[in-house]
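Just below is one structure, and these are the notes that go with it.
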Amino acid sequence: MSSSERGKRQKQRKVLLMGRSGAGKSSMRSIIFSNYVAKDVRRLGATVDVEHSNIKFMGNLMLNLWDCGGQDAFVESYLTNQRSHVFTSVAVLIFVFDISSSEPAADLLSFASTIRALHEFSPNSKVFVLFHKMDLIPSVEQKTTVFRDRAAEVRNTCEAEGFVPGQVDFSATSIWDQSLYRAWTQVIYFLVPNAATIEAMLQKLADILDAKELFLYERTTCLIVTHVSRGPENPYPDRFERLSSILKSHKHSMAKHTGVMASEVSFAEMQIKTGAFMFFITRLTENTNIAVVMPSNEGAFNVARINVQLARKEFAHLDIVEKKGKEVQRVPKEDLEALSD
Amino acid sequence: MRTLFSDKIHAPCSPAAELRPDPFELPFQSSLHSSRSASVVNNWLTQQFQNELPSTNETSYTHGAPNPLPPMRRKANPRFVFMGMRRCGKSSVQKVVVQKLPPADSLYLEPTYKVEHATMHGSFLHFESAEIPTQLPVLSPSYDHASIFSNIGAVIWIIDSQDEYFSSISELLRTAVFLAKNYPSINLDVFIHKTDGLSEEYKYDTFREVRQRVQDELSDVGYGHRSISYYQTSIFDHSIFEAMSKVVQKLLPQLPSLETLLTKLCATCRIQKAYLFDTVSKIYIATDASPTLLKDYEVCSDYVDVIVDIKQLYGWQEQVGAPSTSPPQQQEQQEEDEQRQNSSDAGLIGESIVTYDKTGDGYMFAREVNDSLSLICIMGKGSSVEKRVLIDYNVDVFVDAVVKIFQV
Ligand SMILES: Nc1nc2c(ncn2[C@@H]2O[C@H](COP(=O)(O)OP(=O)(O)OP(=O)(O)O)[C@@H](O)[C@H]2O)c(=O)[nH]1
Ligand SMILES: Nc1nc2c(ncn2[C@@H]2O[C@H](COP(=O)(O)OP(=O)(O)OP(=O)(O)O)[C@@H](O)[C@H]2O)c(=O)[nH]1
Ligand SMILES: [Mg+2]
Ligand SMILES: [Mg+2]
């Protein structure tokens with residue numbers, strides 16, 4: 001997508017999380033945004049009506065997430081009396097299909113009427129379709145065929161409802177592996193309004209540090225906002241979702257060990273030095289950490305650490321600009337942590 | 001217990017001790033105020049180890065007090081067998097610990113009908129294990145039991161604590177008596193297994209009941225002196241790895257030396273807890289003498305994961321030539337091996353440190369001893385990052401010592 005297109009986006013981005021009851025919407029929301037671990041989600045009850053949460057990301061992105069309870073009565077109401085309220089000025093719809101559902105035809109019908117309403121009120125919005133609970137399909141071959149067939153089906157529905165192919169993305173997900181992070185990272189990347197600016201700044205920083213890779217992630221979710229790479233291509237294209245998952249597990253591990261809440265755990269710095277590369281993570285802005293991957297050179301490494309500290313104020317200005325505007329409200333920590341002990 | 005060096009090693013020593021100017025000791029004195037020059041300590045340590053472990057033949061352990069250790073099997077790998085009743089979890093434990101099966105996948109395991117062997121690849125310990133199917137009459141006189149028991153260090157008996165376990169206890173007793181009679185040098189370890197999802201109280205009662213029963217009945221038949229260790233385990237948390245660590249440690253002749261070294265290191269550098277990990281298996285082969293808590297092991301083990309995973313994602317550039325284009329998963333093993341090779345070529349031993357904003361002044365520290373052993377430390381309060389030079393120095397000494405201990 002072009003940078004001018006990004007620049008025009010609003011700062012508050014409305015994201016609908018929809019799909020039939022039991023599809024796993026609240027499960028993924030709790031894991032990504034509220035520090036649940038996968039085995040905790042069994043305790044979640046069905047969502048009544050809509051649960052709203054606001055999550056502040058890098059720069060001026062404020063995610064305004066609507067977790068829409070999927071029981072038929074609620075969906076009926078979204079499509080009728082609440083229709084314009086729900087579907088107006090939507091940036092992204094995330095629609096979750098339970099791949100193990102016993103009613104695939106009904107799921108597809110529900111999807112069709114949802115995107116019809118979306119097209120009516122937010123014709124330029126983006127749709128992310130998640131085929132969820134993929135862990136329940138045993139073999140890799142089956143996963144691939146099921147995913148391909150279901151995606152083809154859904155794509156036809158989208159086109160029938162007037163969405164052009166580039167407007168719809170498909171992912172296979174499960175709360176039991178990092179695929180969940182891959183899908184959500186794509187959503188975040190799509191939403192970050194000033195990604196081009198941030199990337200340009202990161203690129204400059206990477207050149208100064210002579211780093212192989214820099215990435216920026218949000219501290220609560222560990223979702224990677226953006227990255228820049230230099231030099232030969234890394235053979236692990238899935239590394240960012242893996243890193244999100246690694247960092248999130250580490251957060252949980254530290255929380256368990258020290259007895260504090262996961263949302264309170266944040267490291268001042270993590271360093272890893274090996275003969276092949278050197279790596280550190282440190283705070284960059286209020287909500288983000290930066291990770292730096294460097295060639296193995298002690299001197300350059302120490303200089304880089306200082307340079308990142310100095311670069312903080314350059315990036316901080318992204319946050320401040322935004323604060324002058326509307327008063328930003330964060331979701332109270334207590335809400336996020338409600339069930340985490 | 002045997003100590004490798006005198007208590008005074010890091011303490012102020014006799015006036016005779018030679019004082020040499022040393023940049024390390026002025027600003028970074030240890031809390032135990034080492035007034036000895038670092039290099040003296042270093043030489044002294046080295047000498048001591050050479051005296052201690054000069055020849056690799058078994059007699060070097062006759063030093064000092066009567067040696068409580070079993071005959072040395074320095075070169076042999078730790079070997080053990082898993083036994084127990086049907087469906088108790090033998091395959092699951094073996095596959096999760098030795099072959100890194102994700103625990104959730106154990107649901108799909110088929111019953112076992114013949115002896116199944118497993119070997120850990122790429123690890124320091126190279127340990128080997130086998131699952132003995134329940135229906136195999138290995139204890140019967142007609143069975144060639146030597147084929148199973150002649151070469152192993154430990155039998156691990158697994159009891160399913162979520163099932164009726166009295167029949168398992170009587171089989172366990174039969175096995176214990178058989179081992180005491182025929183293979184007295186084999187350790188017997190009991191895993192009271194599948195403790196996940198049980199209440200603390202139930203777990204505790206089961207543990208006590210099993211231990212009491214086995215001990216009572218063994219005494220009745222005259223084998224009460226035979227020591228058996230009991231562990232509560234589950235493949236769904238770290239407890240299985242902690243238990244395996246303790247099983248393996250009992251088979252390591254180097255354990256007392258390693259423990260002494262770790263305890264010294266902790267005292268000198270204000271380390272709260274230190275583990276020496278077999279990096280690949282995440283089994284720890286020694287820890288210091290302070291109380292060992294599962295939660296300390298957990299956080300260290302998770303930390304090893306973080307480092308290993310990140311190393312995998314970014315260590316690839318070391319490979320000469322273009323990175324391979326085939327899917328990384330299929331190559332992981334090979335790549336890891338190559339990486340290890342390469343990183344040692346590059347001459348820099350890996351290390352890592354994590355400091356935290358809100359958890360007081362504690363932090364964690366990791367240091368590779370060699371390609372497959374790592375030292376992981378939870379630093380205590382008062383051990384600020386500024387003391388790093390002292391810590392680095394002492395860790396270097398420690399690492400050298402460990403390398404010497406294992407040199408064959
Ligand atoms: N196997 C598997 N189960 C999952 C996965 N994600 C969620 N679940 C299970 O699906 C069930 C329903 O999850 P919820 O997140 O409450 O479903 P929901 O979509 O929010 O449902 P409503 O709020 O009624 O719309 C939970 O019991 C989860 O344990 C997954 O990736 N794999
Ligand atoms: N809850 C729980 N279940 C476990 C644990 N370990 C194994 N199991 C389950 O126990 C069942 C039997 O496991 P196996 O490993 O096949 O047992 P086995 O002793 O090898 O069985 P046979 O070879 O048939 O004698 C599987 O469904 C495992 O998922 C555990 O720690 N906790
Ligand atoms: Mg819900
Ligand atoms: Mg089996």
Side-chain angles (χ1 to χ4, degrees), chain A residues 38-39 135 138-140 176-178 212-213 219 231-240 242-243 245-261 263-283 291-298, chain B residues 102 104-105 108 236 238 293 295-296 298-303 305-319 322-329 331 335 339-340 342-360 362-368 378 385:
Chain A
K39 65 178 184 329
D135 56 287
S139 79
V140 178
W176 297 103
D177 61 36
Q178 68 249 11
K212 299 200 241 185
E213 187 155 276
R219 266 206 290 276
E233 200 184 326
N234 187 306
Y236 296 96
D238 63 347
R239 64 190 176 284
F240 300 110
R242 285 165 71 168
L243 286 158
S245 163
I246 293 166
L247 292 166
K248 195 76 174 257
S249 315
H250 178 72
K251 204 187 202 4
H252 286 300
S253 169
M254 277 314 296
K256 194 170 170 208
H257 184 253
T258 53
V260 304
M261 292 188 302
S263 61
E264 295 293 313
V265 175
S266 68
F267 40 70
E269 187 177 29
M270 171 187 275
Q271 299 177 7
I272 297 176
K273 298 182 197 171
T274 75
F277 71 98
M278 291 188 172
F279 176 94
F280 68 93
I281 297 179
T282 186
R283 191 177 64 78
V292 179
V293 187
M294 315 245 321
S296 186
N297 176 328
E298 188 82 39
Chain B
D105 292 359
Y108 306 114
F236 294 103
H238 292 75
L293 303 172
K295 71 173 190 142
D296 287 340
E298 281 172 355
V299 79
C300 290
S301 168
D302 290 342
Y303 185 28
D305 276 340
V306 171
I307 299 169
V308 168
D309 289 350
I310 293 179
K311 272 184 79 169
Q312 200 200 348
L313 296 178
Y314 289 110
W316 56 273
Q317 267 120 329
E318 271 299 299
Q319 286 172 55
S324 137
T325 47
S326 54
Q329 295 88 320
Q331 287 206 323
E335 264 175 33
Q339 274 164 27
R340 243 178 252 121
N342 286 323
S343 56
S344 47
D345 286 351
L348 183 83
I349 289 295
E351 65 172 44
S352 171
I353 184 165
V354 196
T355 53
Y356 294 90
D357 284 340
K358 288 184 183 152
T359 51
Y363 66 97
M364 294 210 292
F365 174 81
R367 170 72 191 267
E368 280 180 3
I378 301 173
V385 182

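Reckoned from all heavy atoms, side chains included, excluding hydrogens, waters and symmetry mates. Numbered from 1 within each chain, the chains take letters A, B, ... in sequence-line order.
- Neither the backbone nor the side chain of B:D305 comes within less than 4.5 Å of any heavy atom of chain A.
- A donor and an acceptor atom, one from each side chain of B:D296 and A:H257, are located under 3.5 Å apart.
- Residue A:S249: no heavy atom, backbone or side chain, is found under 4.5 Å from chain B.
- Shown here are the salt bridge (Lys or Arg N to Asp or Glu O under 4.0 Å) partners of B:D105, two or more places apart in sequence or in another chain: there are none.
- Neither the backbone nor the side chain of B:L293 comes within contact range of chain A; no heavy atoms are under 4.5 Å apart.
- Looking only at heavy-atom pairs under 4.5 Å with chain A, the residue among B:I310, B:D302, B:I378 that has the most is B:I310.
- Applying the ring pair (Phe, Tyr, Trp, His ring centres under 6.0 Å) test to A:F280 and every residue at least two apart in sequence or in another chain returns A:F301.
- The side-chain contact (heavy atoms from CB on, under 4.5 Å) test with B:V306 is passed by exactly one of A:L247, A:L243, A:I246: A:I246.
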